[in-house]
Amino acid sequence: EAGVTQFPSHSVIEKGQTVTLRCDPISGHDNLYWYRRVMGKEIKFLLHFVKESKQDESGMPNNRFLAERTGGTYSTLKVQPAELEDSGVYFCASSQVGGRPYTEAFFGQGTRLTVV
Amino acid sequence: RKEVEQDPGPFNVPEGATVAFNCTYSNSASQSFFWYRQDCRKEPKLLMSVYSSGNEDGRFTAQLNRASQYISLLIRDSKLSDSATYLCVVNIDNDMRFGAGTRLTVKP
């Protein structure tokens with residue numbers, strides 16, 4: 001079974017440009033999360049989809065970030081325009097929705113974004 | 001106050017040592033708890049879930065104290081391969097929140 005996949009694995013863009021990150025969750029996983037890890041800092045929550053709906057987007061830093069999950073399958077995270085402080089590793093994770101309290105979240109390998 | 005707090009370390013221990021990590025969480029409605037491991041430049045991976053009664057998996061023991069809102073991870077007989085960052089994760093209504101991670105280095 002394929003795991004969570006993210007594309008691209010690396011992206012280097014100039015300040016002011018636009019970048020779109022993609023995440024394909026594990027098939028059947030309705031929960032999809034985006035997290036970001038800035039160098040030297042902790043992993044921070046960005047947002048959480050349940051199917052195509054945004055369950056919680058309280059972690060989105062500002063309106064330069066736009067996440068979508070049309071059809072409840074893959075998700076994109078667009079940064080427009082990118083700023084230097086957006087550099088970091090963006091992780092996507094997915095898990096099943098259900099009554100089990102110990103549902104594991106599986107992570108993609110992350111997209112390393114560098115804004116220069 | 002952060003939702004999930006951990007001692008960032010680093011913890012530098014010799015092979016064979018026993019090391020313990022602590023984690024506290026702020027939301028008493030938190031429902032489930034995990035320890036994840038993250039190797040350098042890799043994604044986090046589940047190490048173990050933390051059950052109310054405490055649980056053990058080989059050299060690893062996890063404990064939960066709901067009254068004190070506290071989670072711990074004990075690693076016995078440390079191996080070089082245990083060197084990584086250990087992340088405390090708390091789940092509230094399917095929203096997973098991470099601690100900053102505790103870095104462990106096991107030395108020969």
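Sequence lines set the chain letters: A, B, ... in the order given, protein chains first and strands last, and positions in each chain run from 1. Bear in mind that the values here come from a model prediction, so they are computed numbers and not experimental data.
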Over 12 non-hydrogen atoms of neighbours within 6.0 angstrom of NZ in A:K54: yes
Taking side chain as C-beta onward, heavy atoms only, is B:F98 less than 4.5 Å from A:Y35? yes
Counting only heavy atoms closer than 4.5 Å, note whether A:S9 contacts chain B via side chain, backbone, both or neither. neither
Do the non-hydrogen side-chain atoms of B:M96 and A:F45 ever get within less than 4.5 Å of each other? no
Of all heavy-atom pairs between A:F91 and B:P44, which one has the smallest distance, and what is that distance? CE2-CD, 4.0 Å
To the nearest 0.5 Å, how far apart are CD in A:E104 and NZ in B:K45? 10.5 Å
Do other residues, nucleotides or ligands put more than 12 heavy atoms under 6.0 Å from A:Q55 CD? yes
Find out whether A:R37 and B:Q38 are in side-chain contact, i.e. whether some heavy atom of one side chain is under 4.5 Å from a heavy atom of the other. yes
A:G108 versus B:E43, closest heavy-atom pair with distance: O-CB, 2.8 Å
Validation row: B:Q6, A:E42 side chains within 4.5 angstrom (heavy atoms): no
Highest number of heavy-atom pairs under 4.5 Å with chain A among B:G99, B:A100, B:P8, B:G101 belongs to B:A100
Distance col, row A:Q109:CD vs B:R41:CZ, nearest 0.5 angstrom, shows 13.5 Å
Does A:Y74 have more than 12 heavy atoms from other residues, nucleotides or ligands lying within 6.0 Å of its OH? no
Is any side-chain heavy atom of B:K42 closer than 4.5 Å to one of A:F107? no
